[in-house]
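Below, read A as the first sequence line, B as the second, and so on, with proteins coming before strands; counting in each chain starts at 1.
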Protein chains: 2
Amino acid sequence: MATIEDVAKLAGLSRTTVSRVINNHPYVSEAKKQLVLDAMKQLGYVPNSSARSLRNQKTEMIAVIIPRVMNPFFGQLVESLEIAASEYHYQVIVCQTLYSAKKELDYLNLLKTKQVDGVILTTLLNDWRQIEPFLDYGPIVLCNEFEERANIPTVHMNQEYGGYVATTHLIEDGHSRIAYCCGNMKSNVTKAREKGFRKAHTERGLQIDEDLVFRNVFTFEDGKKILKKLMTMESRPTAIFTGSDEVAAGVISEAKKMGIMVPEELAVVGFDNQDITELMDPMITTIHQPVKEMAHKAMNVMMDKIKHKNYKKKEVYQLPLSLVVRESTEKSAQ
Amino acid sequence: MATIEDVAKLAGLSRTTVSRVINNHPYVSEAKKQLVLDAMKQLGYVPNSSARSLRNQKTEMIAVIIPRVMNPFFGQLVESLEIAASEYHYQVIVCQTLYSAKKELDYLNLLKTKQVDGVILTTLLNDWRQIEPFLDYGPIVLCNEFEERANIPTVHMNQEYGGYVATTHLIEDGHSRIAYCCGNMKSNVTKAREKGFRKAHTERGLQIDEDLVFRNVFTFEDGKKILKKLMTMESRPTAIFTGSDEVAAGVISEAKKMGIMVPEELAVVGFDNQDITELMDPMITTIHQPVKEMAHKAMNVMMDKIKHKNYKKKEVYQLPLSLVVRESTEKSAQ
DNA sequence: GTGAAAGCGCTAACAG
DNA sequence: CTGTTAGCGCTTTCAC
C-alpha cells in the first residue's frame, strides 16, 4: 500500500508538504499542491487511519452501547445516532450488551484502549460506581437512561410525564383499575415512568392494586403472557399501560385470540410510537418519544465534549414526550 | 495515560518483556511476568489500540454495510453479525447507506484507509465494477446479496426457491391471479425471487398479469398503497405475494380498514418471518430466512479470509429458505 | 530469558 | 512556503 513517503518521493517533495495537502493546511503553493494531488491519485494513496489515530490521539469512532439492535426503540436510536455521527465524519460501533452487565463493562473498555473517542450509554446495567472510573479515559454521554450521581452530559426524555399523561388519559376515560407493565426496575427510565403512573392515581384519589403491577416485561411474548394472566384474575383491570409498543401489541394480539374486545373490555396504551402502533387493529394509543432529536442532541453534545474535553460535568437535556391517542383506548372511536 | 514504557520502567524491565506478557508470549520467567502484571495493574495500564493496529496492520473491526438499521431484516442481520464478531473479539461498525450508492462507496473507503479489516456488504447499490477495485485493500464478503461477476466469498439464501415455494403454495390453494411486490429491481435477491415466482406460474401453465407486478415496494406504507390500488382494479387478484412482512402487514392492515377479508378475499404472503407475522390478525404466512445462520457463516468466512488473505476467490454458501404457513393464506384455518 | 533498536504511517514543532 | 526531525505506542527481529 502506498504511504505518504511514496507520495512525497513521486512528487519530489517532503512528507510534510504532502501531509499539509492532505489536511488542507495553508501555506502550500498551488503548483506543489497539484503535484501532490497528482501523485496521490497516481498511487491511489489514502492515508492510513491507524497511523493518524495514533498520531492525533483520536479515532473518530464512537461506541454506542445498547441492549440489542432488534429492540425497536434501540434500533431506532442506533440508526439515528449513526446518521448524526456520519454528519461529523464519525463512525459508530454497535455494542450490544444483550442485557449482560459484564458485556457493558467490556465495551466500556473501548474507551480505555482508545479505540473510540467516546461512549454513548443508552442503558445502565452496572452500578454507577463501576462506570465512573472509565471517565478518566474519555467522555461518556448518557442518552435515554439517566442517573442522579453521574456528573456527565445526559440527554433523556421526561419519562415521568410519559407515565403520567398516559395514565391520566386512561383515568379520564373512566378507568380505575389499570394494570401496569414495566421493564428493568433498576433503570431510572422505568422508575420515573412508574412515578408518573402513581402520581396520576394519587392526584385523582385512586388506589393502585399492586397485583396489577408487572415487572420485567419486555417482549410481545411477555405481553401475551400478561394478558393471559390478567384473564385468570377475579377482578380484572379495564385498562393496561405497557412499557412498549411490542408489549402492547402482544397484549392486543392475545386479547383478540381470547375474544376480548379492545378497547371496550380492555384499553391498552403502548410506548414509543413505533410503526406497529398503526399496523395493529385497533391501532395503538402510545407515547411518542422524539428519538431522532435525542440522538442528534446526544451526538452534538458528544462532539462538543470531544473537542473541549470538559466532560466531567453534569449537563442535562430533557426532551418532552407526548401522548398519541389512537383506537386502543378510544371507546368512542370504535 | 500509562504506556508500555511506563509499565516497563515501574517493573524495572524492558518494553519487550512487557509486550511479551501482554501478548502471552512464551519465554518469560514467571517472576518477571508477575512483576509486569503488578506494574500494569498499579498503573491501570491498557494497550493503546491505535498503536497496536498500526504495528500489527489490523484493527479488529469489520464494517457492515446495510441500507438502514430500522429495516427489520437488516436490523436482525446487524444484530447477529455483531454477536458473531464479538465472539472473535472483533467490533462491528454500522454503515447505513440510506439507499445512497455514494454512501456505499464512502463506507467502502474504510477498507482503503485500513480503518477496518474487512467489509461485509449486505446489499449492492453500485455496479460491481465500482466495487471490485476495493478488493485490492482487503476482504469483502457478500452476505445476503449476491453477484455473478463477484469473485469473492458469498453467503446468501436460495431466494429463487423462496419465491417459488410461496407462489406454489398460493397456486395450490387455488389462486391464479396473484399480485407480486418486490423491492429494488437491481438486486439479485429481488430478481431471483421473481424468477421463482414466474417459474411457479409457468410450471402450472399459468399466466402472470404484469399489471399485478409492483416494483420498489419496501415499507408498510407502500403495502397500504398497493392494497388501495388493487381495490380500484376491475379484475382483482385473489392473492398477493409481498417482498417483506412489513409490506404484508401494511396490506393486511389496509384491507381490514376497507372491509376486505384476509385470506377469504385476498390471501397474503410475507417474507422474512419477523415477529410481526405473529402479531397481526390474521397471522401472516411467510418465508423464514435463517438470518442468524447466515450472519454466523459470513463472519466465520470473513475471519478465515482475514487470516489467510485469499479472499479474491469465489466461494458461495447458499442457505435454504422455508415456507411458514399461517392464517393469511389458510382458508380452512379461518 | 531478556533487551536494544528499528519501524508501522502519520503530523507538528521548529528551523530556515 | 518547505523540509528536517522527533515522536505517537506498540511489536519484533536480532543479538546477547
Hey, is the main chain of A/I131 close enough, under 3.5 Å, to the side chain of A/N126 for a donor-acceptor pair?
-> no
Basic-acidic side-chain contact under 4.0 Å: B/K305, B/D117 = no
So OH of A/Y90 and CE of A/M302: to nearest 0.5 Å the spacing works out to 9.0 Å
Atom pair distance, as rounded to whole Å: CD1 in B/I4 and C1' in D/dC8 = 14 Å
From the list C/dC10, C/dT11, D/dT11, which nucleotide is the closest neighbour of the side chain of B/R55?
-> D/dT11
Note down the inter-axis angle between the two ends of the helix from C/dG1-D/dC16 to C/dG16-D/dC1, five pairs each, to the nearest 10°.
-> 40°
OP1, OP2 of C/dT11 versus side-chain N and O of A/N23: anything below 4.0 Å?
-> yes
Once you round to the nearest 0.5 Å, how far does CG of A/N188 lie from OG1 of A/T154?
-> 10.5 Å
Quickly work out the B/N24 CG to D/dT11 P distance and round it to whole Å.
-> 12 Å
Test item: B/P67 and B/T122 side chains (from C-beta on) under 4.5 Å apart, heavy atoms = yes
To the nearest Å, how far apart are A/L54 CG and D/dG7 P?
-> 14 Å
Give a yes/no answer on whether the side chain of B/Q57 brings an N or O atom under 4.0 Å of OP1 or OP2 in D/dT11.
-> no
Over 12 non-hydrogen atoms of neighbours within 6.0 angstrom of CZ in A/R129 | no
Note: contacts of residues 28-50 of chain B with DNA chain C (heavy atom, under 4.0 Å) are B/V28, B/S29, B/K32
Using modelled atom types only, decide if a donor and an acceptor are shared between the side chain of A/S49 and the backbone of B/T113 within a distance under 3.5 Å.
-> yes
Between D/dG9 atom C1' and A/Y137 atom OH, what is the distance in whole Å?
-> 16 Å
Enter the distance from A/R20:CZ to A/R15:CZ here, rounded to the nearest 0.5 Å.
-> 12.5 Å
Round to a whole Å and report the spacing from CG of B/N56 to P of C/dG9.
-> 12 Å
NZ (B/K314) with more than 12 external heavy atoms under 6.0 Å | yes
Using atom OH of B/Y27 as one end and atom P of D/dA15 as the other, report the distance to the nearest whole Å.
-> 18 Å
Using a cut-off of 6.0 Å, state whether more than 12 heavy atoms not belonging to A/K103 lie near its atom NZ.
-> yes
Quick one: A/R52 CZ to D/dG9 P, roughly how many Å, whole number?
-> 18 Å
Quickly work out the B/E5 CD to D/dC8 P distance and round it to whole Å.
-> 9 Å
Would you please say whether a donor-acceptor pair under 3.5 Å links the side chains of B/Y137 and B/N109?
-> no
Which of residues 13-22 of chain B have a heavy atom under 4.0 Å from DNA chain C?
-> B/L13, B/S14, B/R15, B/T16, B/T17, B/R20
